[in-house]
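See structure below.
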2 protein chains.
Amino acid sequence: MTATAKERGRPRKFDRDHTLRQAMEVFLDRGYDGASLGDLTTAMGINASSLYAAFGCKEALFREAVDLYVNAAGPRTLDALAVRDVSARAAVEAMLREAARRFGNGRGCLVVLGATHRTADNEAVFHDLTERRGQTQVLIRQRLKQGMAAGDVPTGTDIGAVAAFYTTVLHGLSLQARDGAPRKQLSAVVDCAMKAWDGLVPA
Amino acid sequence: MTATAKERGRPRKFDRDHTLRQAMEVFLDRGYDGASLGDLTTAMGINASSLYAAFGCKEALFREAVDLYVNAAGPRTLDALAVRDVSARAAVEAMLREAARRFGNGRGCLVVLGATHRTADNEAVFHDLTERRGQTQVLIRQRLKQGMAAGDVPTGTDIGAVAAFYTTVLHGLSLQARDGAPRKQLSAVVDCAMKAWDGLVPA
DNA sequence: CCTTTTATGTAGTGATCGATACATAATTAG
DNA sequence: CTAATTATGTATCGATCACTACATAAAAGG
């Protein structure tokens, strides 16, 4: 019934997923505005016509690259927050450790560094990334709240401040990675951030 | 003797310091690559010829803008680290509080956000800013070391890790500010970072 | 006065940007 | 086979980029 019907027309000569991944690498290195179509087509091994036929436009390509980055590059950073059968502390620590692992390649996070300035060209992209970062902070706060309900975070904890603090550390890790900090140093920063937990969330 | 000799030639019609400050604002909003000469000349109220005559080129203008930003925009953030007659903890806290005060305008730090990606156009500028950020971390580490010599930081403290941690928070504050965090929230993040001190640097 | 010096305003430079028009190639449907 | 459909490669498009050539204006030195 639902057999994949033979595609009409001339078949594509390149692997769409593979070229998308290469585009993601370029966006990671150069950011949305800094990645020119020449950079992209060179890295992807196709020419502009094929890129536009397959992905629509630069902005659409970037959106797909962000989705790929968020969803497919290993264990998703924010998934650690969704784990309910551990303490909020363990969930936050897992999130930071996963980030340190992923960022320790000199590039940091695409959501954090993909567009750090609003320009005439990147308005929609900038807004999308900003919203994703805000959502990250919301997720951390919600996880702390859930921990409070579960009893591993004491009542009276300033959840908003603690969420803002760990978001700041998470985002700061991208800058440290971009500045060349080795994975070991990022890991040491996470150690410090977690040592801070008991001062912020008294047991 | 050293009386300022009358300047030769047609006098400049604009105030150099004033236009430099306006250029700095543009670079803060858009970054080095994102600030076009059109953006700059419009904000500065002069045309390209005058800009090039007075400042040389876009890169030289940016360098002057960074110097102005670092040296003249209120109490300098890193000056707080130079104070020797307080504890290392008080010095680091003063640095972070000054940063939270300065960043709480929706723009963050020019050194941190001025060029977040290396491109063909910004190579030298990117390198300079990266070095400045690295120097910040070195200054923090040196201040901790001095605190250890003075006795307010216990021997055995992992100074490198603590310096990396507070650098991460400092840089993360710029991203939080860019994402619209109000000054009060930045201040709360600093509160959290300083509550962490005793866990990192046991008294 | 005239010469020198510096700044200004106009009107560009070549390069690169993201995006496309168009002819051609390669496939399926009938 | 022909028609329809989709992809490819070339050769651009107009806009914008950082930057500058050039004529003119405004000052000082002589």
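Convention: sequence-line order gives letters A, B, ...; per-chain numbering from 1.
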- Query: Starting at the 5' end of DNA chain D and moving along, which residue's nearest nucleotide shows up first, B:Arg8 or A:Arg8?
  - Reply: A:Arg8
- Does B:Tyr52 place a side-chain N or O at less than 4.0 Å from the phosphate oxygens OP1/OP2 of D:dT20? no
- With A:Asp67 as partner, the option from A:Arg132, A:Arg21, A:Arg76 fulfilling salt bridge (charged side-chain N to carboxylate O under 4.0 Å, His left out) is A:Arg132
- At under 4.0 Å between heavy atoms, what does A:Ala120 touch on the DNA or RNA strands: base, sugar-phosphate, or nothing? nothing
- Query: Between A:Leu37 (CG) and D:dT12 (C1'), how many Å, whole number?
  - Reply: 15 Å
- Task: Pick base, sugar-phosphate or nothing for B:Ser36, based on heavy-atom distances below 4.0 Å to the nucleic acid.
- Result: sugar-phosphate
- Message: Angle between ring planes, A:Tyr32 versus A:Phe62, binned at 30° and 60°: parallel, tilted or perpendicular?
- Response: perpendicular
- note: A:Ile46, atom CD1; C:dG18, atom P; distance rounded to Å ~ 14 Å
- In whole angstroms, the gap separating P of D:dC17 from NZ of B:Lys58 amounts to 9 Å
- Message: Please confirm whether the shortest side-chain N or O distance from A:Ser50 to OP1 or OP2 of D:dA7 is below 4.0 Å.
- Response: no
- Message: With heavy-atom distances below 4.5 Å as the criterion, would you say the side chains of A:Arg97 and A:Asp191 are in contact?
- Response: yes
- Of B:Ser49 and B:Asp121, the one whose closest DNA chain D nucleotide lies more 5': B:Asp121
- Is a donor-acceptor contact shorter than 3.5 angstrom present between the side chain of B:Arg10 and the base of D:dA25? yes
- Note on the structure: Separation of C:dT8 atom C1' from B:Arg16 atom CZ, nearest Å, is 17 Å
- Is the count of non-hydrogen atoms from other residues, nucleotides or ligands lying under 6.0 Å from B:Arg133 atom CZ greater than 12? yes
- 5'-most by nearest nucleotide on DNA chain C - A:Gly38 or B:Pro11: B:Pro11
- Task: Rounded to the nearest angstrom, tell me the gap between atom CZ in B:Phe14 and atom C1' in C:dA7.
- Result: 8 Å
- Can you tell me the distance, in whole Å, between the CZ atom of B:Phe55 and the P atom of D:dA18? 16 Å
- Item | Gap between atoms CD and C1', on A:Glu59 and C:dG18 respectively (whole Å) | 12 Å
- Mapping B:Gly9 and B:Ala53 to their closest nucleotides on DNA chain C, which lands nearer the 5' end? B:Gly9
- Task: Report yes if the distance between the aromatic ring centroids of B:Trp197 and B:Tyr166 is under 6.0 Å, otherwise no.
- Result: yes
- Query: Does a side-chain N or O from A:Asn47 land closer than 4.0 Å to OP1 or OP2 of D:dG9, or not?
  - Reply: yes
- Message: Using whole Å, what does the distance between atom P of nucleotide D:dA18 and atom CG of B:Leu61 come to?
- Response: 11 Å
- Phosphate-side-chain proximity, A:Lys13 and D:dA7, N/O vs OP1/OP2 below 4.0 Å: no
